[in-house]
**Q** 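Supplied in structure tokens, the structure appears directly below.
First listed ligand is number 1; within each ligand, the first listed atom is number 1. No hydrogens, no waters, no symmetry mates; every other heavy atom, side chains included, goes into these values. Computed from a predicted structure; not experimentally measured.
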Amino acid sequence: MGLVEIESKEQFTTLTSAKDKLIALYFHTPWASPCIQMNKVVSTLADSAQNQSTGFISVNADKFPEISDLFDISAVPYFVLVKNGTILKELSGADPKELASALEQFGSAPAASSTATSAASEAAKEPTTPQKNAIESVQVPEKETPEQLNARLKKLTTAAPIMLFMKGTPSAPKCGFSRQLIAILREHQVRFGFFDILKDDTVRQGLKKFSDWPTFPQLYINGDFQGGLDIIKENLSDDDHYFENTVKQAASN
Ligand SMILES: N[C@@H](CCC(=O)N[C@@H](CS)C(=O)NCC(=O)O)C(=O)O
Ligand code: FES
């Protein structure tokens, strides 16, 4: 049936009420680069023969915050697999292989074929680490020069208006400092893109020089380095509307 873009709350309710059918919900926003890349992957998966019995539903998280809130979505892209009103699996971030294998696991199609996985890889031009490859134009040359790395870091730090470089993912942080910053962003209902620096040591080491800051998490707003956990806490204690004010201020410069 392909990928259906939700146009109303009623349409969402109708489509997700289907009985005994696996539903793949894809939460995205138009501005997040990882989503732009994942759009192709999700369309390819939705059209593939293996997934014909699965309903693919695309939800613009900015347009339908009330639907996003139902699933506690605070970062995109985000996938939720649902059947008979039960959440079977949630995936955060742009990892085509992870998505394809979850669909294979919970879909009714025979699990023998790996076509879904290769279709996803094809659409995403062979990704190995999710966010790195999710950023379309950020190709990683075999031997990266300092200038090329710098250009890549610039693209990554501006991939979304608010970008968090963290250890692990928002749904599975791999360190308490990153976990705390995620909790703060969620508490303030901030939408953000993220990059798991544990997946790419060049980015991990490179960002320390790029921002002249030795640790993670690192938060960027419209490409400007803000600080780590302690700085963000301080900024919030000075100004409860720190996030929205900084986004606005950076956008007007
Ligand atoms: N107080 C720091 C805590 C962050 C921190 O100390 N991070 C360490 C441990 S997770 C780190 O990133 N070390 C460098 C590395 O792991 O590459 C903050 O405000 O963000
Ligand atoms: S990974 Fe050890 S403190 Fe963050």
Side-chain angles (χ1 to χ4, degrees), residues 32-34 72-76 78 90-95 97-98 127-135 138-251:
S33 308
D72 198 20
I73 311 295
S74 60
V76 289
Y78 200 92
E90 293 178 73
L91 301 170
S92 182
D95 189 334
K97 283 189 179 154
E98 203 185 1
T128 47
T129 54
Q131 294 78 34
K132 177 174 73 182
N133 294 283
I135 309 224
V138 189
Q139 297 290 343
V140 188
E142 283 209 350
K143 185 87 189 74
E144 205 171 23
T145 65
E147 291 73 27
Q148 284 169 324
L149 174 61
N150 218 44
R152 185 155 73 97
L153 296 177
K154 182 120 190 102
K155 285 219 163 98
L156 287 174
T157 51
T158 52
I162 298 186
M163 272 300 289
L164 174 66
F165 292 80
M166 64 177 293
K167 293 189 177 179
T169 61
S171 56
K174 296 242 166 73
C175 165
F177 296 121
S178 291
R179 188 189 307 277
Q180 280 188 60
L181 193 43
I182 290 288
I184 290 174
L185 290 164
R186 288 202 162 139
E187 188 193 323
H188 287 80
Q189 301 182 332
V190 168
R191 273 182 209 297
F192 58 96
F194 72 92
F195 187 98
D196 178 2
I197 50 108
L198 297 179
K199 293 259 170 75
D200 190 325
D201 202 56
T202 313
V203 171
R204 179 177 182 172
Q205 304 311 336
L207 267 187
K208 293 179 186 175
K209 281 198 196 144
F210 186 83
S211 57
D212 197 17
W213 192 261
T215 57
F216 294 95
Q218 293 192 7
L219 193 80
Y220 291 76
I221 298 186
N222 288 7
D224 293 334
F225 175 63
Q226 302 293 308
L229 174 66
D230 294 344
I231 303 278
I232 303 302
K233 280 185 182 165
E234 265 173 50
N235 291 350
L236 279 166
S237 71
D238 291 346
D239 173 10
D240 199 38
H241 298 284
Y242 155 70
F243 290 117
E244 55 208 90
N245 286 341
T246 310
V247 170
K248 263 191 241 150
Q249 193 186 328

**Q** Only heavy atoms of Pro214, strictly under 4.0 Å: list the atoms of ligand 1 that pass.
**A** 14 (C)
**Q** Suppose I only count heavy atoms of Gly228 and a 4.0 Å limit; which atoms of ligand 1 are within that range?
**A** 19 (O), 20 (O)
**Q** Okay, side chain of Gln218, backbone of Trp213: is any donor-acceptor separation there less than 3.5 Å?
**A** yes
**Q** Is the backbone of His241 close enough, under 3.5 Å, to the side chain of Glu244 for a donor and an acceptor to pair up by distance?
**A** no
**Q** Ignoring hydrogens and geometry, is there a side-chain-to-backbone donor-acceptor pair from Ser178 to Lys167 under 3.5 Å?
**A** yes
**Q** Take atom CG of Asp212 as the centre, draw a 6.0 Å sphere, and report whether it contains more than 12 heavy atoms from other residues, nucleotides or ligands.
**A** no
**Q** Taking the basic N atoms (NZ, or NE/NH1/NH2) and the acidic carboxylate oxygens, is any pair closer than 4.0 Å for Asp200 and Arg152?
**A** yes
**Q** Thr215 versus ligand 1: do any nitrogen or oxygen atoms come within less than 3.5 Å of each other?
**A** no
**Q** What orientation do Phe225 and Tyr220 show, parallel under 30°, tilted 30 to 60°, or perpendicular over 60°?
**A** tilted
**Q** With heavy-atom distances below 4.0 Å as the criterion, list the atoms of ligand 1 near Lys167.
**A** 9 (C), 10 (S), 11 (C), 12 (O), 15 (C), 16 (O)
**Q** Using a strict 4.0 Å cut-off to heavy atoms of Cys175, name the atoms of ligand 2 that fall inside it.
**A** 1 (S), 3 (S), 4 (Fe)
**Q** Give the numbers and elements of all ligand 1 atoms closer than 4.0 Å to a heavy atom of Asp230.
**A** 1 (N), 18 (C), 19 (O)
**Q** Inspect the surroundings of CD in Gln189 and state if more than 12 heavy atoms from other residues, nucleotides or ligands are less than 6.0 Å away.
**A** no
**Q** Which residue and non-hydrogen atom of the protein lie closest to atom 15 (C) of ligand 1, and at what distance in Å?
**A** Arg204 NH2, 3.3 Å
**Q** Between Trp213 and ligand 1, is there a nitrogen or oxygen pair with a distance under 3.5 Å?
**A** no
**Q** Could you name the option among Ile232, Leu219, Leu181, Leu229 that has the heavy atom nearest to atom 20 (O) of ligand 1?
**A** Leu229
**Q** Among Glu234, Lys208, Gln218, whose heavy atom sits nearest atom 17 (O) of ligand 1?
**A** Lys208
**Q** Could you go through the side chain to side chain contact (heavy atoms under 4.5 Å, CB included) check for Ile231 and Leu219 one step at a time?
**A** CA-CA 10 Å; Ile231 303 278; Leu219 193 80; over 6 Å; no
**Q** Just jot down the ligand 1 atoms closer than 4.0 angstrom to any heavy atom of Cys175, in number order.
**A** 10 (S)
**Q** N/O to N/O below 3.5 Å, does that happen between Phe216 and ligand 1?
**A** yes
